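Notes to accompany the following structure.
Computed from a prediction, not measured in an experiment: that's the story for all the values here.
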Amino acid sequence: MFDMRPVGYLVGLMVMAMGLTMALPLLVDIAEGREHWPVFAESLIITCLTGGLVALACKNSVGEGLTVQQAFLLTTAVWAMLPLFGALPFMLGETKLAFVDAYFESMSGLTTTGTTVLEGLDDLPKGLLLWRGILQWLGGLGIVIVALVFLPVMRVGGMQFFRSEGFDTFGKALPRTMDISKGVLNVYLGLTAICTLSYLAFGMDAFEATVHSLTTVSTGGFSTSDASFASFPGAPQYVAVVFMILATLPFVRMMQGVQGNIRPLLKDTQVRTYLRWIGYAVILVVGYDLIQFGELSEERFRERLFNIVSVFTGTGYGDGDLMGWGHMPFVVLIVVGAIGGCTGSTGCAIKIFRYQLMLTALAQQARRIFSPSSVMILRHEGRRVEDEVLQSVMLLFTFYILSLGFFSVALELTGLTVLESVTGAWTSIFNIGPVFGENVAPSGALHGFPSEAKALMILAMLMGRLEIVAVVVLILPVFWRP
């Protein structure tokens, strides 16, 4: 019989831990003096009490470890349940959102998608704005741990290729898991602190710098203003570019660099390819501008650079009218959004590593056509890529394409236009942030979308954040067989 207790115990602990973080916005609301703090006090009590009772009820399973089945269920359960409790402040607070809207906002935060249903951010209580930042920061850290701990063991999307560099979460290797998790946490905390100080140094106030550092390092994209980063032109945008890129580099490599061994980071072909592709995208868009207008001001260059990096990393900050750039630059943005950052980072979408494997495999297949009798071994960074890894990557690509098509059609059936449906599916399944169309508010908020469309996007955000396969297997009967 399938034992749910280990899953329930861990989910309960995580819910309780998230509830404790509500104390921070509670204190901010008390300091601001807007009488909004009881909302977080009530949410904290409900969340901690529920999580604690669930963990206590399942405590007798401690020490039994996790099976692969339980790991699949745990990853999905965590990302489905935490947004449920994270939505409480949006339902109980000044925003008074309906359940679907509140769950959408919370899911968008924890999956670091960055799409919002809220408008009038400049007038919201600071505690609520901080809570949105905390949701994204927790989600960014969580997805790094999932990518490094669970996905390699579950053999999702070729992540088993990194098992020798990562660690096993089950059985005897648990201490190793904790060691590397602590190292990744230290890098994450360090990036957040340095990012906060950098924003402070270039003009943001303490609150703005704190919230934006939380949403930059997590590549989430929530802001304190409806205008997003258009409110902070100049140097803060260059700072954001630097930290968005840093947050989408492999955290294990960065951890090695902090420990004094920078060579693996510098020699990593995934990192070099990633930086090179960002450069290509910027050159294409800037070159198009030069051809169209014959000149390029610093402001226009900064806007192009900032938005390309924001979409490429899946952060989703906004600055200006992206559709006004022209058709070719808009297509570039759509393409880079589907690529994403490096594996083992807070980045979104399919990830550079998988594109590298796919392109290498396609090149090898082309050579095999001309040399059918030759023996060819697929390698990445000098290591042999097993057939199982390649099949897993191709399966992931297939799932992403099918999911994009399915959600595009499903969203259009709710009454959205073709542009809204396609970009809504694109931004949700790849966890990017912006949506385009006539029903999108000038601030980018989706409060005008039907509830059915928001529900579909919630599912797409969840699937995209857990790389689809980890969610899809749960509906297969064979998964539940003993």
Next item on the list: Give the intermediate values and the outcome of side-chain contact (heavy atoms from CB on, under 4.5 Å) for residues Asn186 and Val258.
Entry: CA-CA 10 Å; Asn186 289 335; Val258 170; over 6 Å; no

Margin query: Quick one, Tyr355 with Phe397, criterion ring pair (Phe, Tyr, Trp, His ring centres under 6.0 Å). Give me CA distance, side-chain angles, the key distance, then yes/no.
Written below: CA-CA 9 Å; Tyr355 278 95; Phe397 269 98; 5.1 Å; yes

Margin query: Please determine whether side-chain contact (heavy atoms from CB on, under 4.5 Å) holds for the pair Leu446 and Val440, giving the CA-CA distance in whole Å, both sets of side-chain angles, and the decisive distance to 0.1 Å.
Written below: CA-CA 5 Å; Leu446 305 186; Val440 180; 3.8 Å; yes

Next item on the list: Could you check Ser443 against Glu119 for side-chain hydrogen bond (donor to acceptor under 3.5 Å, both in side chains), going step by step and ending with a plain yes or no?
Entry: CA-CA 7 Å; Ser443 65; Glu119 200 167 25; 3.2 Å; yes

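In this structure, NZ on Lys59 lies 9.5 Å from CG on Leu13, to the nearest 0.5 angstrom. If you take CD1 on Ile352 and CD1 on Ile278, they are separated by 7.5 Å, rounding to the nearest 0.5 Å. Going from atom CZ of Arg304 over to atom OH of Tyr288 covers 10.0 Å, rounded to the nearest 0.5 Å. Taking OG of Ser231 as the reference point, atom CD of Gln237 lies at 10.0 Å (rounded to 0.5 Å). Atom CG of residue Asp319 and atom OG of residue Ser228 lie 8.0 Å apart, to the nearest 0.5 angstrom. Taken to the nearest 0.5 Å, the OG1 atom of Thr196 stands 12.5 Å off from the CD atom of Glu208.
By the 4.5 Å heavy-atom criterion applied to side chains, Trp426 and Phe407 are not counted as neighbours. Between Phe99 and Leu84 there is a side-chain heavy-atom pair separated by less than 4.5 Å. Annotation: side chain of Arg354 is in contact with side chain of Leu396 (closest heavy-atom distance under 4.5 Å). Using a 4.5 Å cut-off on side-chain heavy atoms (C-beta onward), Val311 and Ile432 make contact. For the pair Ile429 and Ile468, the minimum side-chain heavy-atom distance is below 4.5 Å.
Judged by distance alone, the side chain of Thr216 and the main-chain N or O of Ala240 form no donor-acceptor pair under 3.5 Å. Within the 3.5 Å criterion, the main-chain N or O of Gly314 finds no donor-acceptor partner in the side chain of Asn431. In this structure a side-chain-to-backbone donor-acceptor pair under 3.5 Å is present from Asp226 to Leu121. Side-chain atoms of Thr76 do not come within 3.5 Å of backbone N or O of Leu73 as any donor-acceptor pair. Side-chain atoms of Ser310 come within 3.5 Å of backbone N or O of Gly316 as a donor-acceptor pair. Glu105 contributes no side-chain N or O that, together with a main-chain N or O of Phe90, makes up a donor-acceptor pair within less than 3.5 Å. Looking at Tyr317, its side chain never comes within 3.5 Å of a backbone N or O of Phe306 through a donor-acceptor pair. Gln270 places a side-chain N or O within donor-acceptor distance of the main-chain N or O of Thr343, the cut-off being under 3.5 Å. Between the side chain of Thr47 and the backbone N or O of Leu44, no donor-acceptor pair lies under 3.5 Å. Within the 3.5 Å criterion, the main-chain N or O of Phe104 finds no donor-acceptor partner in the side chain of Ser108.
Checked by atom type, the side-chain pair Thr346/Thr219 shows a donor-acceptor distance below 3.5 Å. When only modelled atom types and interatomic distance are considered, Thr313 and Thr315 share a side-chain donor-acceptor pair under 3.5 Å. For the residue pair Glu94/His36, the side-chain donor-acceptor check at 3.5 Å is not satisfied. Between the side chains of Trp79 and Thr111, no donor-acceptor pair is found at a separation under 3.5 Å.
The existence of a salt bridge linking Asp29 and Lys126 is excluded, since no basic side-chain nitrogen approaches an acidic carboxylate oxygen closer than 4.0 Å.
Taking the six-membered ring for Trp and the full ring otherwise, the centers of Phe312 and Tyr274 sit less than 6.0 Å from each other.
The neighbour count for Arg263 CZ, taken as heavy atoms of other residues, nucleotides or ligands under 6.0 Å away, does not exceed 12. Under a cut-off of 6.0 angstrom, the local environment of CH2 in Trp37 is sparse, with at most 12 non-hydrogen atoms contributed by other residues, nucleotides or ligands.
The aromatic rings of His212 and Tyr199 lie perpendicular to each other, with more than 60° between the two planes, well past the 30° mark. Between Phe229 and Phe232, the ring planes lie perpendicular to each other; the angle is over 60°, past the 30° to 60° tilted range.
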